[in-house]
2 protein chains.
Amino acid sequence: MRTKKTNQKSIFRVAELSDCSISTVSNVLNNKGRFSKATRDAVLKAVKKLKYHPNSAGRSLRLQRTETLGLLFYPSCAEIFRNPFYAEVMEGLEAALLKAGYYLLLAGYDAASSDAEVPGFLRQGKVDGLIFLGRFPSEIIRRFSKFDTPLVLLDSNVEWPVDSVVSDGFSAEVNVVAHLHALGHRRILFLAYNHEDSNIDLRVQGFLAGLRQMGLPDGKKSVIREFMSHDDIYSALRKRLDGPNPPTVVIAVNDTLAMDMMSRLASDGIRVPEQLSIVGYDDHEGSAKCSPSLSTVRVNKVQLGQVGAEMVMNRIKSPDSPVVKSTLPTEFVARGSVEAAPK
Amino acid sequence: MRTKKTNQKSIFRVAELSDCSISTVSNVLNNKGRFSKATRDAVLKAVKKLKYHPNSAGRSLRLQRTETLGLLFYPSCAEIFRNPFYAEVMEGLEAALLKAGYYLLLAGYDAASSDAEVPGFLRQGKVDGLIFLGRFPSEIIRRFSKFDTPLVLLDSNVEWPVDSVVSDGFSAEVNVVAHLHALGHRRILFLAYNHEDSNIDLRVQGFLAGLRQMGLPDGKKSVIREFMSHDDIYSALRKRLDGPNPPTVVIAVNDTLAMDMMSRLASDGIRVPEQLSIVGYDDHEGSAKCSPSLSTVRVNKVQLGQVGAEMVMNRIKSPDSPVVKSTLPTEFVARGSVEAAPK
DNA sequence: TTGAAAGCGATACCAG
DNA sequence: CTGGTATCGCTTTCAA
């Protein structure tokens, strides 16, 4: 009983050295309560001398807050590491979180929750919020959004109220169509994955709206979206190219798809852009370097990460504020993979 | 005083429901101490019903252990995300850590420790150990290894005792040289970065040993290692190619460098492998797909991650066991970028 | 302006 | 076998 306070570890050393109580040390460090300048200086000096950093387990336990966010990937960490799009998003995330003193806990979805409903770290209270990166099936997003842990979708969106940040795919594609139309293109084909994501829907809708604005037919045949694998998408594309009224230009839902189609076309001896123009989306690293360089829609990926990070942190602060669905502007980038339509 | 135990939160609910004390609940969950099958079942039933998961802050505080590892990148998270080599390493890490119930805390080095000596989460006790991924300057590694936090270097190594796992670059390059010699190559040039890492040294040493074994001169001129940037390395290479006795084959210290050199050579109209053969190292995704496909040394990157993960976890268990420097076997992969030396 | 003491949730000793 | 209680390091009343 009498040795009670001697039991305190770290913070107690600081208190000892600066000759005051642990409460005062805590107050100084958190800038709360009142204390004289003299004690403040003494405490700070001791802190520096001991290189003291508050233990985070103690803090978390007391504050019921971990200052850590979960970064969830689908399908797995490794998968995301393969996609350079996310590298830039990470830059933004990293910077914003660092500034706010948050850390990131990593977890591939499939792995982290193999049999469990949600990854263990969520139930164990290891994180204050969640950031979703990748193409999560909406069923999984729904499962998480039932929890009351703050959650933000990066470059992805769903119909129901969940914070999210995406690029303005609608306007972007309207704009792309206008651009292509001006170059004389009249038969434009859109390529996307058969994947439920309202972020993707937006691009498709924008594309169709663009067609209408230009007075072009916007029938079913203008979009290929029945497949998930590049193999299937490519064979559908080939079929269309070999059929009647082949498109003179193809718009892919992202650069990864565009570049893969381009290399498959090259293998098959179909020349881009002479025989077929191609447009991508994202402008990820490599789109400028490939040959021919890829015309695409530039998305500010660093900003995407930044805005996303701020959104989760805001929601942590005010859990009941209205849901935010943020949309970032884009910019068309003309490169070598597009030229005027053949006569 | 009398309401003391009512204060316990989560675990207390379980105790309540299974009609026993919190100590018993804890014992059951950790399989410690003794308890009857009846209580065990009651507890487990309650746990399942309440979907109880022990709070990790409480656990960490008590156990002085977080069951979290820090994944440190150099220079930044984003940088690593750009390199597909690490994607595969991550697969191995992810799998091994998941199985052991460890989580990964992410941190780019530059960001996480901008002004501080080491990243905050280390001092805050947020991690039990550290995994280093990337080309850390040895000065930084030294700084960390002075801490008593377990630490393992993945695909990197230093002279002093720190756990590490690398591929067997020495044997690999001896073998590459033998292979090239058999194809008639006599003038072989090695390309590496001017970067202190005994993992890289190993490859260079293996290369030189290979030359000697084949009775070839192993003078200074057989290695270019004075530069860091691809620009500088390439111009040094070009100079050598245009000089007297140009090499007939180039070995790059990794696939990234090899592929970049290859595309620069192509731009300059130098044909691979007709005019110059090229060999890489790592066999990362894309090495098989590029044109010409790249002859290289295959490293089992998934295994690298796995072994690394196990090494940190072992050291956490037994901090005083001897340092382990693990070396993984490799395999030469012959592809299109190498052909027999011109007459 | 300061400090004693009460917990946050979990584990582990030790007495019953 | 079981349960009371001290303790991990920290923040935060509340009284002095």
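Remember, predicted model here, so these are calculated numbers, not experimental data. A, B, ... follow the sequence lines: proteins, then strands. Residue 1 opens every chain.
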Open item on the list: Nearest whole Å is fine: how far is D/dT12 C1' from A/Phe35 CZ?
Closed with: 14 Å

Open item on the list: In whole Å, I'd like the distance from the CG atom of B/Leu61 to the P atom of D/dT7.
Closed with: 13 Å

Task: Interatomic distance where NZ belongs to A/Lys32 and C1' belongs to C/dT1 [whole Å] - done: 18 Å

Open item on the list: Rounded to whole Å, please give me the gap between CZ in A/Arg34 and P in D/dC14.
Closed with: 17 Å

- [ ] Quick one: label A/Ser26 by what it contacts on the DNA or RNA (base, sugar-phosphate, nothing), any heavy atom closer than 4.0 Å.
- [x] base

TODO: Quick one: label B/Ser23 by what it contacts on the DNA or RNA (base, sugar-phosphate, nothing), any heavy atom closer than 4.0 Å.
DONE: base

Task: Sub-6.0 Å ring centroid separation between A/Phe144 and A/Phe132 - done: yes

Open item on the list: Rounding to an integer number of Å, can you tell me how far B/Arg62 CZ sits from C/dA12 P?
Closed with: 6 Å

Task: Step-by-step salt bridge (charged side-chain N to carboxylate O under 4.0 Å, His left out) determination, A/Lys325 to A/Asp163 - done: CA-CA 5 Å; A/Lys325 297 216 179 253; A/Asp163 292 325; over 6 Å; no

TODO: Please say whether more than 12 non-hydrogen atoms of neighbouring residues, nucleotides or ligands are located less than 6.0 Å from CD in A/Gln303.
DONE: yes

Open item on the list: Suppose we call a contact any N or O donor and acceptor under 3.5 Å apart; does that hold for the side chain of A/Ser10 and the base of D/dG9?
Closed with: no

Task: Gap between atoms CD and P, on A/Gln64 and C/dA10 respectively (whole Å) - done: 10 Å

Open item on the list: Run the side-chain hydrogen bond (donor to acceptor under 3.5 Å, both in side chains) test against B/Ser60 and tell me which residues pass, sequence neighbours left out.
Closed with: none

Task: Nearest-neighbour nucleotide for the B/Thr24 side chain, D/dG3, D/dT11, C/dT2 considered - done: D/dG3

Task: Touch class at under 4.0 angstrom, heavy-atom based, for B/Ser60 against every strand present - done: nothing

For nucleotides 14-16 of chain C, print each protein N/O atom paired with a nucleotide N/O atom at under 3.5 Å, atom names and distance only.
none

TODO: Only counting residues at least two apart or in another chain, list the ones meeting ring-ring contact (aromatic ring centres under 6.0 Å, His included) with A/Phe85.
DONE: none

Task: CA sep, side-chain torsions, deciding dist, call: B/Glu16, B/Arg13, salt bridge (charged side-chain N to carboxylate O under 4.0 Å, His left out) - done: CA-CA 5 Å; B/Glu16 218 171 27; B/Arg13 303 286 162 239; 3.4 Å; yes

Less than 3.5 Å apart, which donor and acceptor atoms pair up between the side chains of residues 43-56 of chain B and the rest of the protein, not counting sequence neighbours?
| unit_1 | atom_1 | unit_2 | atom_2 | d |
| --- | --- | --- | --- | --- |
| B/Asn55 | OD1 | B/Ala57 | N | 2.7 |
| B/Asn55 | OD1 | B/Gly58 | N | 2.8 |

- [ ] Kindly assign one of parallel, tilted or perpendicular to the pair B/Phe136 and B/Tyr74, based on the angle between their ring planes and the thresholds 30° and 60°.
- [x] tilted

- [ ] Return the value, rounded to whole Å, for the distance between atom CG of A/Asn30 and atom C1' of D/dT12.
- [x] 10 Å

Task: Nucleic acid contacts of residues 41-58 of chain B, taken as heavy-atom distances under 4.0 Å to DNA chain D - done: none

Task: d(CD1, B/Ile22; P, C/dC13) in whole Å - done: 15 Å

Less than 3.5 Å apart, which donor and acceptor atoms pair up between the side chains of residues 121-129 of chain B and the rest of the protein, not counting sequence neighbours?
| unit_1 | atom_1 | unit_2 | atom_2 | d |
| --- | --- | --- | --- | --- |
| B/Lys126 | NZ | A/Thr66 | O | 2.9 |
| B/Lys126 | NZ | A/Thr68 | OG1 | 3.3 |
| B/Asp128 | OD1 | B/Thr66 | N | 2.8 |
| B/Asp128 | OD1 | B/Thr66 | OG1 | 2.8 |
| B/Asp128 | OD2 | B/Thr66 | N | 3.1 |
| B/Asp128 | OD2 | B/Thr66 | OG1 | 3.4 |
| B/Asp128 | OD2 | B/Glu67 | N | 2.6 |

